[in-house]
Amino acid sequence: MEEQPAGRSYSTLPQLGGSAMRPPPSGTVAQDAAAREEATQRKPQLTAALLARGQDRFNIYCSPCHGRTGQGNGRIVQRGMPHPTSYNDPRLLAADDQHFFEVITRGYGAMYSYAMRVSPQDRWAIVAYIRALQLSRHAALADVPDNEKAKLVEDRK
Ligand code: HEC
């Protein structure tokens with residue numbers, strides 16, 4: 001019992017016919033796979049709290065490349081990463097929420113996937129915040145509530 005042919009991860013183990021690590025039996029699913037799949041489908045309701053969460057996660061995970069405003073000029077890009085398309089590009093303005101969710105989940109071209117780092121609910125929060133960033137550059141004065149309008153005019157003076 002004291003001496004057993006125990007294998008370490010990634011080592012070889014002749015007793016098992018080669019690799020010490022065993023492939024999972026076919027049909028195996030991760031314990032939380034169903035819950036995770038469900039979370040990708042469940043788009044949360046848009047609230048101020050969701051936007052704040054999205055802003056927080058965006059600034060941590062996305063702004064290093066996309067920049068705080070989503071123009072694509074983050075620090076890493078200034079040091080040689082390919083320049084991502086601005087979120088204000090007409091194609092991305094027209095893209096639906098699902099496209100942004102998919103890009104975070106699967107990556108896109110030179111951008112790798114953030115599925116391991118950003119939970120599905122946080123991905124939706126980030127998508128909501130990206131929509132706010134887009135709106136911040138494409139809003140008309142008519143979109144601003146009356147009580148805020150006065151402030152804008154005041155600021156211009
Ligand atoms: C390490 C740098 C980097 C980080 C961090 C990063 N991206 Fe990107 N992203 C890129 C690059 C580069 C592209 C352009 C890829 C290409 O066109 O090949 C891109 C493209 C995109 C696009 C445009 C896809 C299209 O249809 O053109 C979206 C949307 C996007 N990223 C969202 C995000 C979000 C959201 C995050 C944070 C969760 C994030 N990215 C984090 C580098 C990054």
Side-chain angles (χ1 to χ4, degrees), residues 8-11 19 21-149 151-156:
R8 290 178 157 271
S9 303
Y10 300 106
S11 68
S19 167
M21 288 168 79
R22 313 309 302 153
S26 67
T28 303
V29 283
Q31 203 175 16
D32 59 350
R36 262 189 287 159
E37 178 59 27
E38 201 242 335
T40 63
Q41 311 293 333
R42 198 165 19 91
K43 193 166 156 182
Q45 223 183 355
L46 183 58
T47 59
L50 186 81
L51 272 180
R53 176 73 182 169
Q55 180 178 37
D56 178 67
R57 297 293 102 180
F58 179 88
N59 285 341
I60 293 170
Y61 289 108
C62 320
S63 75
C65 292
H66 289 272
R68 292 233 166 183
T69 61
Q71 298 305 294
N73 56 352
R75 286 273 169 216
I76 299 179
V77 172
Q78 290 167 27
R79 286 164 177 73
M81 182 87 187
H83 196 293
T85 312
S86 161
Y87 293 154
N88 293 112
D89 183 88
R91 180 174 61 81
L92 289 179
L93 284 175
D96 59 7
D97 291 354
Q98 193 66 36
H99 176 67
F100 291 90
F101 188 91
E102 292 291 323
V103 171
I104 305 173
T105 307
R106 298 183 210 290
Y108 185 91
M111 177 187 147
Y112 41 80
S113 158
Y114 277 80
M116 296 293 285
R117 280 155 280 211
V118 182
S119 72
Q121 288 304 291
D122 280 347
R123 281 175 232 163
W124 286 122
I126 291 175
V127 172
Y129 184 64
I130 290 177
R131 289 301 187 200
L133 286 178
Q134 291 179 323
L135 193 61
S136 73
R137 300 213 164 208
H138 289 268
L141 193 57
D143 297 330
V144 181
D146 283 340
N147 55 340
E148 300 287 327
K149 245 181 229 168
K151 277 193 221 159
L152 283 180
V153 177
E154 192 64 29
D155 286 348
R156 281 219 192 122

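In each ligand, atom 1 is the first atom listed, and ligand 1 is the first ligand listed.
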What residue and atom, counting heavy atoms only, is the protein's closest point to [atom], and at what distance?
| atom | value |
| --- | --- |
| atom 10 (C) of ligand 1 | Met111 CB, 3.4 Å |
| atom 22 (C) of ligand 1 | Val103 CG1, 3.9 Å |
| atom 3 (C) of ligand 1 | Cys65 SG, 2.7 Å |
| atom 13 (C) of ligand 1 | Pro84 CB, 3.4 Å |

Output for pair (Leu93 CG, Tyr87 OH), nearest 0.5 Å, gives 12.5 Å
Atom CG of Leu51 and atom CD1 of Ile130: how far apart are they, to the nearest 0.5 Å? 11.5 Å
Does [X] [atom1] have over 12 foreign heavy atoms under 6.0 Å away?
| X | atom1 | result |
| --- | --- | --- |
| Arg42 | CZ | yes |
| Gln45 | CD | no |
| Gln31 | CD | no |

Option with minimal heavy-atom separation from atom 38 (C) of ligand 1, where the choices are Cys62, Gly72, Gly107: Cys62
Compute the minimum heavy-atom distance from [X] to ligand 1 and say whether it is under 4.0 Å.
| X | answer |
| --- | --- |
| Tyr87 | yes |
| Arg91 | yes |
| Ala110 | yes |
| Val77 | no |
| His99 | yes |

At under 4.0 Å between heavy atoms, what of Val127 touches ligand 1? The answer is neither
Can you tell me which portion of Tyr108 lies within the under-4.0 Å heavy-atom range of ligand 1? Options are side chain, backbone, both, or neither. both
Going through the checks in order, is the side-chain contact (heavy atoms from CB on, under 4.5 Å) test met by Gln134 and Tyr129? CA-CA 9 Å; Gln134 291 179 323; Tyr129 184 64; over 6 Å; no
For ligand 1, which atoms sit closer than 4.0 Å to a heavy atom of [X]?
| X | result |
| --- | --- |
| Phe100 | 29 (C) |
| Tyr114 | 4 (C), 5 (C), 41 (C) |
| Leu92 | 23 (C), 25 (C), 26 (O) |
| Tyr61 | 5 (C), 37 (C), 41 (C) |
| Tyr112 | 1 (C) |
| Gly109 | 18 (O) |
| Pro82 | 12 (C) |
| Ile130 | 35 (C) |

With no hydrogens and no angle check, is any side-chain donor or acceptor of [X] less than 3.5 Å from a backbone partner on [Y]?
| X | Y | result |
| --- | --- | --- |
| His83 | Val77 | no |
| Asp32 | Ala35 | no |
| Asp89 | Ser86 | no |

On the ring face of Tyr114, is Arg117 found with NZ or CZ under 6.0 Å from the centre and within 45° of the axis? yes
Identify the heavy atoms of Met111 and Ile104 that sit nearest to each other, and give their distance. CE-CA, 4.4 Å
For Gln71 and Asn88, which I'm curious about, is there any donor-acceptor pair between the side chains at under 3.5 Å? yes
Whether Phe58 and His66 hold their rings parallel, tilted or perpendicular, with breakpoints at 30° and 60°: tilted
How about His66: does one of its N, O or S atoms come closer than 2.8 Å to atom 8 (Fe) of ligand 1? yes
